[in-house]
Amino acid sequence: MPSTPSTTCRCASSHDRITMTRIIFISHDGNETAVDAADGDNVMRAALANDVDGIVAECGGSMMCATCHCYVDEAWVERVGTRADGEEDMLESAACEVKPTSRLSCQIRIRPELDGLVIHLPESQT
């Protein structure tokens, strides 16, 4: 799968660097939104910081709800990794169908090898 290389943001100090990774969100109706997200952050925070419709994140990323439910594109499932402990239980309260590719976006840590990651959003979070 082709991807855009990670970019590096040079901050005020030449010693401060933030590596950015491209995440592509696809809404339930097919609209695409590509964002650059800081490595080490999570997919949920990247969506919120960039006003991506479809991620509500009521609990703010503490894995206490399922309002950041997403579907990892099948081409990316192995690279993203398995669900965190407790994630399966929280997904049981998701508003939309839970699929084998379902994840809580707050539990997907952004890292350079996920550059170009495609995330599909469910029709509703509530």
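For reference, positions follow the sequence shown, starting with 1. Predicted, not measured: the structure shown is a model, and the values here were computed from it.
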Which heavy atom of [X] sits nearest a heavy atom of [Y], and at what distance?
X      : Y      : value
Leu121 : Gly54  : CD1-CA, 4.2 Å
Ile110 : Ala37  : CD1-CB, 3.3 Å
Gly116 : Ile24  : O-CD1, 4.0 Å
Arg83  : Arg103 : CG-CD, 3.5 Å
Cys70  : Ser105 : SG-CB, 3.9 Å

[X] (side chain) donor-acceptor with [Y] (main chain) under 3.5 angstrom:
X      : Y     : answer
Asn42  : Met44 : yes
Thr33  : Val52 : no
Gln125 : His69 : yes

Hydrophobic cluster identity match, [X] and [Y], side-chain contacts under 4.5 Å:
X      : Y      : value
Met90  : Val43  : no
Val118 : Val35  : yes
Met63  : Val98  : yes
Met64  : Leu104 : no
Ile108 : Leu48  : yes

Any chance you could measure [X], atom [atom1], to [Y], atom [atom2], to the nearest 0.5 Å?
X     : Y      : atom1 : atom2 : result
Asp73 : Ile26  : CG    : CD1   : 6.5 Å
Ile55 : Ser27  : CD1   : OG    : 11.5 Å
Lys99 : Leu91  : NZ    : CG    : 13.0 Å
Glu87 : Ser102 : CD    : OG    : 9.5 Å

When you compare the side chain of [Y] with that of [X], does any pair of heavy atoms fall below 4.5 Å?
X      : Y      : result
Gln107 : Cys68  : no
Cys96  : Tyr71  : yes
Arg111 : Thr21  : no
Ile23  : Ile119 : yes
His120 : Thr101 : no

Legend entry - Residues Asp36 and Arg22 bridged, charged N to O under 4.0 Å: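 Looking at Asp36 and Arg22, the cut-off is met.
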Legend entry - Heavy atoms of other groups near Asp89 CG, more than 12 under 6.0 Å: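 Enclosed: over 12 neighbouring heavy atoms sit under 6.0 Å from CG of Asp89.
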Inset, instruction - Return yes when atom CG of Asp29 has more than 12 non-hydrogen atoms of other residues, nucleotides or ligands closer than 6.0 Å, and no otherwise. - result: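 For Asp29, atom CG is crowded (more than 12 foreign heavy atoms under 6.0 Å).
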